[in-house]
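Everything below concerns the one structure shown next.
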Number of protein chains: 2
Amino acid sequence: MLQFDFYIFAPDMNNTRFATVVHILTLLARQPNRLLSSDWIAGSININPVIVRKELGNLQDRGWVISRKGKDGGSMLDVSPDRITLADIYQLVKNANILGKKNLDTNPKCSVGKDINDELEALFRDTDKLICSSLQQKTLQDFVKQFD
Amino acid sequence: MLQFDFYIFAPDMNNTRFATVVHILTLLARQPNRLLSSDWIAGSININPVIVRKELGNLQDRGWVISRKGKDGGSMLDVSPDRITLADIYQLVKNANILGKKNLDTNPKCSVGKDINDELEALFRDTDKLICSSLQQKTLQDFVKQFD
DNA sequence: TCATTATGTAACAACTTCTATTACATTTAT
DNA sequence: ATAAATGTAATAGAAGTTGTTACATAATGA
């Protein structure tokens with residue numbers, strides 16, 4: 001039945017990952033150069049610490065966070081909050097498997113079925129671009145500033 | 001653990017409903033005043049006819065489509081395609097349970113946990129508004145015109 | 001060195017939503 | 001009556017996220 005991932009409504013996007021990651025980054029940004037434990041972070045969000053560690057792993061892969069194991073270990077930001085935009089975060093949590101799910105089973109004998117995927121893809125791409133250009137103007141620092 | 005539905009990435013939004021509904025409406029718009037059967041429509045999208053009938057039911061509830069049972073029955077548009085915007089369609093497939101899933105379990109003893117839901121909600125709402133204002137400028141007729 | 005504390009992961013269950021399918025009642029035209 | 005279509009319920013399957021347990025690994029400090 002489907003065709004292209006609807007970029008805006010990415011099927012791999014769940015309802016909490018963006019919020020969770022923003023929450024984590026906000027906590028880290030507010031205590032720069034201080035190692036926060038995943039348990040402490042999880043306590044603020046009220047979720048399981050393993051989830052936090054998974055997301056921290058993603059943030060490390062992205063180069064935004066460094067962690068230290070062992071006693072007195074934890075995680076901290078390795079990038080200035082004004083260099084992380086909400087578009088970056090959006091991309092991070094959405095990029096899991098954004099492509100690879102095209103469903104080309106629409107009927108090629110039907111003039112609509114044959115071409116609709118091209119039209120939809122253009123629409124999805126435009127809409128995605130619109131969101132990103134908006135989110136790109138908002139940095140993590142801007143977001144964190146709201147809590148002062 | 002979460003808090004607010006991320007309006008942009010609405011959890012009740014799947015990867016195919018928007019595309020499916022657009023496909024259905026496109027077929028109906030191209031053959032005005034003609035009753036198309038759910039089987040025929042399903043054949044173009046290559047999905048199960050029951051899914052099509054469910055969506056047609058939603059479109060009837062919305063007042064856009066009328067159907068007739070029995071032999072030679074089927075569905076057709078009851079509204080001019082230039083009066084249906086893509087924002088309307090977006091709202092239709094997204095409105096299932098857009099609210100009602102707030103999770104206020106973030107830690108109120110944490111200054112971030114206490115206030116982040118307000119900030120996120122504002123962000124989600126703004127982003128949602130941006131999408132809608134963009135999609136509102138595109139009608140079903142515009143979309144269908146591309147297939148000529 | 002050893003106990004403690006923390007990250008890093010793997011594995012699996014629970015939950016949700018959408019999609020597919022089967023089945024059948026109802027309606028309408030011929 | 002029969003055929004063809006919608007309307008809908010019920011159930012299973014697929015996919016993704018979240019929760020949880022378990023344990024290996026690493027680092028600190030007494």
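Quick caveat, the model's predicted, so the values are computed rather than measured. Note that these values count all heavy atoms, side chains included, but never hydrogens, waters or copies made by symmetry. Numbered from 1 within each chain, the chains take letters A, B, ... in sequence-line order.
Residue L130(A) shares its hydrophobic cluster (ILVMFWY side chains chained together at separations under 4.5 Å) with L130(B). Other members of the hydrophobic cluster containing M76(B), listed by chain and number, are L35(B), I66(B); membership follows side-chain contacts under 4.5 Å among ILVMFWY residues, whether direct or relayed.
With sequence neighbours excluded, the residues satisfying side-chain hydrogen bond (donor to acceptor under 3.5 Å, both in side chains) with S111(B) are R30(A). For Q136(A), the side-chain hydrogen bond (donor to acceptor under 3.5 Å, both in side chains) criterion is met by no residue, not counting sequence neighbours. Residues satisfying the side-chain hydrogen bond (donor to acceptor under 3.5 Å, both in side chains) test with R83(B), not counting sequence neighbours, are none. With sequence neighbours left out, S44(B) forms a side-chain hydrogen bond (donor to acceptor under 3.5 Å, both in side chains) with H23(B).
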I'd like a list of close polar pairs between nucleotides 9-14 of chain C and the protein, N/O only, cut-off under 3.5 Å.
none

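The shortest distance between the side-chain N/O atoms of S67(A) and the OP1/OP2 oxygens of dT7(C) is not below 4.0 Å.
Atom-to-atom, CG of N48(B) to C1' of dG7(D) comes out at 14 Å; the value is rounded to the nearest Å. Remark: P of dA5(D) and CG of L56(B) are 14 Å apart, rounded to the nearest angstrom. Atom CG in N58(A) sits roughly 12 Å away from atom C1' in dG8(C) (whole-Å rounding). Residue I51(B) contributes atom CD1, which lies 15 Å from atom P of dA14(D) at whole-angstrom precision. As rounded to whole Å, 15 Å separates atom C1' of dA20(C) from atom CZ of R17(B). For the pair L59(B) CG and dG7(D) C1', the interatomic distance rounds to 15 Å; values are reported in whole Å. The distance from atom CD of E55(B) to atom C1' of dT6(D) is 15 Å, rounded to the nearest whole Å.
Note on residues 126-148 of chain A: pairs passing ring-ring contact (aromatic ring centres under 6.0 Å, His included), not counting sequence neighbours, are F143(A)-F147(A). For residues 66-79 of chain A, the side-chain hydrogen bond (donor to acceptor under 3.5 Å, both in side chains) pairs, not counting sequence neighbours, are Q60(A)-S67(A), S67(A)-S75(A). The ring-ring contact (aromatic ring centres under 6.0 Å, His included) pairs that include a residue from residues 28-59 of chain A number zero, where partners must be two or more places apart or lie in different chains.
Backbone-only contact: Q60(B) has heavy atoms under 4.0 Å from sugar-phosphate atoms and none from a base.
Of all the residues in residues 24-36 of chain B, not one reaches under 4.0 Å from DNA chain C with any non-hydrogen atom.
Salt-bridge formation is detected for the pair K145(A)/D142(A): a Lys NZ or Arg NE/NH1/NH2 atom is positioned less than 4.0 Å from an Asp or Glu carboxylate oxygen.
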Heavy atoms under 4.0 Å is the rule here; annotate nucleotides 24-30 of chain D 5' to 3' with B where the base is hit, S where only the sugar-phosphate is, and - elsewhere. --BBB--

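Remark: the backbone N or O of T85(B) is paired with a side-chain donor or acceptor of D88(B) at under 3.5 angstrom.
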